[in-house]
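The structure appears below as structure tokens.
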Amino acid sequence: MDWRANLIEDDAGVRDVLTRSRRVAVLGIRPESHAHKPAHSVPASLQKHGYDIVPVPVHGETEPILGRPVYRAVADIPGQVDLVQVFRRPEDIDAHVSDLLAKKPHAVWFQLGIRNDAAAEKLARAGIRVVQDRCMKVELARLSQERELSGASPA
């Protein structure tokens, strides 16, 4: 398979990533003291929708976030991770690529406003699906709305 197929840019691919993912590591998550920031509010919303959030803060936080223990690196998380949601500046992502490759999640999601094509290519070539520059919370809400309109049960 061509590695470019792992670069998810269409709605069907986004839907597939969201429906196949349950355990989400959040790289760059912020603690409750930063609840107003997307790096906290988006994972909190996902947790309310039933996603198992695994915090991976990058600013030295050691206390639990969203009631969950924190990990220093994605590769340190025990067990499988379906998706890694990334809240890092595009220029800071390269420093995390080897960590992401070591864990090999099903997918990596760069939040809205975050795009790093070189890192995305490295991940995609390793068989990891990559979504860039989309808000997971917005896409989940859109997916839920589509399901309601079609009469299907919500996520």
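Quick note: numbers below take in every heavy atom, side chains included, and nothing from hydrogens, waters or symmetry partners.
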Same cluster (ILVMFWY, side-chain, under 4.5 Å), Val54 and Leu66: no
Closest contact, heavy atoms only, Ala126 versus Leu101: CB-CD2, 3.4 Å
Reported CD-to-CZ distance for the pair Glu139 and Arg15, which is rounded to 0.5 angstrom: 9.5 Å
Side-chain donor/acceptor of Asp99 to backbone N/O of Val74, under 3.5 Å: yes
Val24 side chain reached by Val81 side chain, heavy atoms, under 4.5 Å: no
Heavy atoms from other residues, nucleotides or ligands near CZ of Arg89 exceed 12 (cutoff 6.0 Å): no
Exercise: identify the closest heavy-atom pair between Ala5 and Ile8: O-CD1, 3.8 Å
Atom of Ala75, atom of Ala102 and distance for their closest heavy-atom approach: CB-CB, 4.1 Å
Shortest non-hydrogen contact from His40 toward Ala35: CD2-CA, 3.5 Å
SB check Asp11 Arg134 (cutoff 4.0 Å): yes
Straight-line distance of Ile114 CD1 to Trp109 CH2, nearest 0.5 Å: 12.0 Å
Cluster check Leu18, Val108: I/L/V/M/F/W/Y, side chain < 4.5 angstrom: no
Main-chain N/O of Gly113 paired with Asp133 side-chain donor or acceptor, under 3.5 Å: yes
Sole candidate of Val26, Ile29, Val56 that passes side-chain contact (heavy atoms from CB on, under 4.5 Å) when paired with Phe87: Val26
Minimum heavy-atom distance between Pro31 and Glu61, given as atom pair plus value: CD-OE2, 3.4 Å
Over all atoms of both residues, closest heavy-atom pair of Arg23 and Ile77: NH2-CG2, 3.5 Å
Beyond-backbone contact of Leu123 with Asn6, side-chain heavy atoms, under 4.5 angstrom: no
Side chain to side chain, Trp3 and Glu121, heavy atoms closer than 4.5 Å: yes
Euclidean distance, Arg129 CZ relative to Arg20 CZ, rounded to 0.5 Å: 6.5 Å
Passing option when Gln111 is tested against Lys137, Gln132, Gln85, Arg88 for side chain to side chain donor-acceptor pair (under 3.5 Å): Gln85
Note, Glu63 side chain near Val70 side chain (heavy atom, < 4.5 Å): no
Straight-line distance of Cys135 SG to Arg142 CZ, nearest 0.5 Å: 11.5 Å
Tyr71 reachable from Leu100 in the ILVMFWY side-chain graph, under 4.5 Å edges: yes
Side chain to side chain contact (heavy atoms under 4.5 Å, CB included) evaluation trace for Thr19 with Leu143: CA-CA 9 Å; Thr19 56; Leu143 177 62; 3.8 Å; yes
Asp52 side-chain N/O to Arg22 backbone N/O, donor-acceptor pair under 3.5 Å: no
Minimum side-chain heavy-atom gap Tyr51-Pro43 below 4.5 Å: no
ILVMFWY cluster, Leu83 and Val97 together (side-chain gap under 4.5 Å): no
Between CZ on residue Phe110 and CG on residue Leu27, distance to nearest 0.5 Å: 9.5 Å
hydrophobic_cluster_shared for Val42 and Val86, side chain cutoff 4.5 Å: no
